[in-house]
Every structure is written in structure tokens, then in C-alpha cells.
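Shown next, in C-alpha cells, is the structure this report addresses.
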Number of protein chains: 2
Amino acid sequence: MIEIKHLKTLTTLNATGSLIETARQLHLTQSAISHQLKELEGRLNCALFIRKSRPIRFTVSGLRLLDLAEQVLPQINNAERDVARFCSGNAGRLHMAIECHSCFQWLMPAIDKFRDSWPEVELDFCSGFSFLPLPALKRGDLDLVVTSDPQPIEGISYIPLFCYQPMLALSRHHRLAHKSYIEAEDLSQETLITYPVEKERLDIFNLFLTPEGVSPAKIRHADLTLMMLQLVASGRGVAGLPNWALFEYLQKDYVVARRLGKEGIWNTLYAAVREEQQGMAYLQDFIKTAISCCFKDLKGIKVASTEAPYFEN
Amino acid sequence: MIEIKHLKTLTTLNATGSLIETARQLHLTQSAISHQLKELEGRLNCALFIRKSRPIRFTVSGLRLLDLAEQVLPQINNAERDVARFCSGNAGRLHMAIECHSCFQWLMPAIDKFRDSWPEVELDFCSGFSFLPLPALKRGDLDLVVTSDPQPIEGISYIPLFCYQPMLALSRHHRLAHKSYIEAEDLSQETLITYPVEKERLDIFNLFLTPEGVSPAKIRHADLTLMMLQLVASGRGVAGLPNWALFEYLQKDYVVARRLGKEGIWNTLYAAVREEQQGMAYLQDFIKTAISCCFKDLKGIKVASTEAPYFEN
DNA sequence: TTTTATTATGAATTTTTTTCAAGTATTGTT
DNA sequence: AACAATACTTGAAAAAAATTCATAATAAAA
């Protein structure tokens, strides 16, 4: 009668409040979701939610099923993980590197969860920018690299995690703060505060300044997100940071954020792994865990398509 | 990944010990079950049971999923029942009659369970043979009749419960006890002990004696199964009873049982309901509960096809 | 009221599930 | 140990179900 996919659909419908967004998250069309729910309501002979309202509201029956989903879905996840542990060897190594400092915010809880499930897996991570992580991954010194700048390297495959919006953080009193979006030219007289990495590894250059041939007046480095934002708030410059990393500081009114270009920019964060390791149970579980942590903890991110990244050459 | 149907399949596979019997219970071909499990093992990349043994044995992974099923399936059933209660009115009437005395054995636990789930439904039942139950059902005096002898009555539909084998109970020392099966002619010199109903309502006449044109030497009535078996054990006659009703007495060696005719006879027990009531949630739930109780408690019964009975005219 | 965004629906298409038919393996029997 | 009987596997065909596409209907926002 009722199926697990129904519980998943209802759960994300509850989270999103609309069919169309549910469809996006589940990588289906809105039509498919509509058909699926109609079919289920037909089987149960019972309305599950009230359509003529936004956000959608659930009936008692719908709520009862949400309740069921909350019980059942974690149980199923646990069982699947256990089975994966029994089957594949449950020991292994997971050494990872993060190209983006801010990522620690969501990576920490994900790693904690993972350690509980796979105590035998040897965990290690580094975020230093003292070496190039993708070649290290290729060599086998690393097993997973979190990057927003995938390179077409033989034997490396990229699994999309989520989409985010690189934005510009400004002091509330900054001369650009009145604009609803920032143009590349605006930055030619500004001090840009970045993480201490080469320009080529920074979204704001790759996707915004370099294509327009603009350079900021001055570049200044800072190690920590919080330090960058203190500098911004103190009027020492502006900073390019992902929207989800800015969220809590925006709420506290430390700074304001503006999108880059009229339409804004969307970029995708990937987990890079060696192709031959991609099927390994604990790796897959780590990535699954990481994604679910992101969508729980971060505001403003979107689901990525399941597709591998497209390389021009 | 894993679906509810998989959990159901694994559960009944555990109960039956073979794919072929699992298939029968789930109303599928054995091939379908084989494909389904192979597909699941492929998805999990993991063997769930060891094929080269009968009865089939589960791997640790298989056992883990059985465990999951045991947690999850009842939760789902409860939720579905709750939804049914919310949607349809949760009050109503369920007056039933049983044509077969022995049926109390499995009906009692089913009724107990049902009362817990649907406290608002007014329950009543009678097993007297003082009136014809099917016309009473048609009139609306009853809501459900348990019968093994469906009549083609306009507006009445029959839902199969299970298949059983009417058998002949004999004293261990009876002159026919050495035969592996009973022929109609054998009974022409015997005293047949039956429930106090007309011959036309008894399986042993309908399906065995009447077609062969044989009558027993004498007919004697008894109210209770246990009383009938005491009479049989005391050599006062023989009795026709369903195999599942005899099971516990056979184990205690009170009596022996022989099948009717060389191939034995199989008959189906039905729940008769008024067509317009058939869709009602609590009725459907009662029948579902009854069936599951039967298969838990009774030995020797088989699943019935989902088909309505076939009437010759 | 018009516009925009969301949801519903029917038909076409794709994917999945099931059955059929035939082959292989296992068990139990003589 | 060979035989039959029963149970399971497998690939292809058929049937059923899910998904998409195109479009209509509906609700919210401007």
C-alpha cells in the first residue's frame, strides 16, 4: 500500500511547503510528484494535504504519515548502513582536504556522525593551502577533496554536494551597500579580503572578476571567516563569501551581503574522489551524511543536479 | 533503495523457508520473487541469504533486514489503520455470523485485536444455526458472514480468507484407520457425527458424499468440536472436520485424520459482505486482521487466490 | 484585474515489474 | 550412484507502473 518513496515525498513536502520545490529536491518533475501523491491519496482513499494554500498544509492523516516517516526513515537508513558495513570490509581510510575554510562549519557535524557509524575507518583531514589537493588525491595521499573548482583529471570523479551563491559582504555603511547587486567594475577601487590562496582558486575571481577583466585595488588575506567579517564591518574592505557562511552574521546585522552581477552567481560544491574508490560503502555513506548535514544546517543552499560537472574540453 | 515490498518478501521468506511458498503467499510467481531478491542484493551489493540450502538460511545482512522488517512493518500497519480511521467515519456496526463452529478458534483473537483498533465499532456475533445467515446479510441484519459455501446472491460479495482441507477424523483403532485415504463408499456403513445443521451446509456432503451418491448409515449431531472428537475417540462414529481444527488433537493422538478421496479435497473459506459495504475501512481492516490471525495461529491452511468464487450459473 | 507562480491533468514515453519458458541445481529415493 | 522430483535461476517478452511533456486550471501577488 504505502511505500517508502511516499514517506520521503511527504517529508520533503513538509520541509519545502510546495510540490515544485519537493520535485527539485527529489530530482523529479513537479508532475511526477503531483501524480504520485494523487495516486497515494487514491489508495488510502483519503486527502493528505490541503492544496489550496501556500505553504501547503497537512490534514490529520497527512500528519500521521509524517509521523510514521519520522519513525521509519531513520530506522531504514540505519539498517542500510549496517548492511553496507557487514558486506564491504568495514575498515578503511578517509583522508580528506577542504579547499574552502568555511566548509568546516558543516563538515564537523558530518564527521562526528560518520565516526559513530564507521569507527574502524581511519579519519584525517587537513585544510592547509600548502599543497594542491587534487593531485594529492590522484596520487593517493588523499581520499576525498571538497572543492568548488573541479578539474578534469583522469581517474577523479566529482560528486555534487549542493549549490550555493558566492556573495559580497559589505559594511552596512559602505558606499556600495545601497545597490541591490554588485557589478565587477564596482570592485576596481576596493580592498578585497580573501582566504590566503591564489586568485585562481577563489570563486569571486573565477566567476566574476576575471571574466570581466577587473582587478580589485588591493587584496588582503585573512585566515578565519570571523576575522574577515570583522575587517569588513570595520570598513577595511569587502569580502567574497558563500551565502550560507554569511547567513548567521547577516542575521546579527554585522554586515550586509549583495549578490554578484544582476542575476547573481550560483556555483556547485563537489566531493572529489578517486574513481576506483567511488563505490566503497563508507565513502558513499560519508557523502550521503555530509549532504544531509548541509541541508539540515545551512540556509540558502539548493540541491545540485546529480550530474557530474561539465568540462569544456 | 530498499522498499517495503522487500521487507515483506524477506519476512515471508523467513516464515516459509522457500521462494516458491513465498511466491504463493504474496500472489506472485516464484520467478518474480527470485528477480526481486536478486535485484535487491544487487542494489545493496550484498548477499542476503544462502540459496544452496533448504530451508533457506539468511546471512547477517539478511538477518539485519529481517530485524528492520520486524520494527517497521507493524509501524506502517498501525499508521495505515490510523489513516483509515481518520478518513472514513470511525464508527459503525459489525454484526457477524459464523457458519462453522470451529471458526471461533481463530475468530476470537481476531475480534480482540479488532476491538482495540476500532473501539467505536459496535460488535456482535452469533453462531446459532436457527436462521439462514446469507439472507440475513442481504437484508442488513448482519454485516459479515463467514462461510465455506458461497451462494450467488445479488449484492453480496465474497472475500477469500484461506484454503483448508476437510478431513475425516477416526479413532486410532477404527477399521478404516489403516487406509491412507477414505473413499465415499467407505462411509455407507458408518455413523457420521456432524454439527447440527442441514446436510447441504456441510463440506463432507457437498464435496464428497453427495457427488458420489453415498449416504452414511447414521447421522448424529454434536455442538462442540471437542465433544465430536470425544465421540470419535470412543468409537461412536466418524466426523468430518477441517484439517486446521483437528491439528492439535492429532498431535495429542486423540484421533487420526484421513483425507477424503485419493487426492484429498481443498475448500475455501470466505467472508461474505454486502457489496456496498465492502469498501468500508473498518470492514476491510477486520478481514485483514482475521486473515493474518489465521496464518499465525492455524496449521495446515493455504493462501486463497484473490479471486472471487466462481459460480457455475 | 492582470500577471506570475504553482498545481492538475491527459497522453506519450520510459522504466520497472511480472510472467513465461527453458535451463540448472539440489534433495531425496530406490 | 543414478533417478526422479522439486526448487531455483535466467533471459526475453509482456504487462504494469512511473515519469515526463505539454498544456490547462488555479491561486497568490502586483
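Chain naming here is simple, since letters A, B, ... match the order of the sequence lines and numbering starts at 1 in each.
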Taken in chain and number order and not counting sequence neighbours, the residues that satisfy disulfide bond (SG atoms under 2.5 Å apart) with B:Cys294 are none
Which residues pass the disulfide bond (SG atoms under 2.5 Å apart) test with B:Cys293, sequence neighbours left out? none
Please report, rounded to the nearest Å, how far the [atom2] atom of [N] is from the [atom1] atom of [X].
{"X": "B:Ile56", "N": "D:dC8", "atom1": "CD1", "atom2": "C1'", "result": "8 Å"}
{"X": "B:Leu40", "N": "D:dT9", "atom1": "CG", "atom2": "P", "result": "14 Å"}
{"X": "B:Ile50", "N": "D:dC8", "atom1": "CD1", "atom2": "P", "result": "14 Å"}

Using OP1 and OP2 only, check whether a side-chain N or O of A:Lys38 sits under 4.0 Å from C:dA8. no
At a heavy-atom distance below 4.0 Å, what parts of residues 13-26 of chain B sit against DNA chain D? B:Ser18, B:Leu19, B:Ile20
Give me the one residue out of A:Asp203, A:Thr268, A:Leu298 that meets side chain to side chain contact (heavy atoms under 4.5 Å, CB included) with A:Tyr164. A:Asp203
Taking A:Ala47's backbone N and O only, do any of them form a donor-acceptor pair with A:Thr59's side chain (distance below 3.5 Å, no angle check)? yes
Set of residues satisfying ring pair (Phe, Tyr, Trp, His ring centres under 6.0 Å) with respect to B:Tyr249, sequence neighbours excluded: B:Tyr254
So, using ring pair (Phe, Tyr, Trp, His ring centres under 6.0 Å) as the criterion, who are the partners of B:Phe286 when residues are at least two apart? B:Phe114
Check whether any side-chain heavy atom of A:Arg85 lies under 4.5 Å from a side-chain heavy atom of A:Asp82, and answer yes or no. yes
Letter by letter from the 5' end, nucleotides 14-30 of chain D scores (B base, S sugar-phosphate only, - none; protein heavy atoms under 4.0 Å) ----SSBB-----SS--
Carefully, step by step, assess B:Ser117 and B:Asp285 under the rule side-chain hydrogen bond (donor to acceptor under 3.5 Å, both in side chains). CA-CA 9 Å; B:Ser117 311; B:Asp285 188 49; 4.7 Å; no
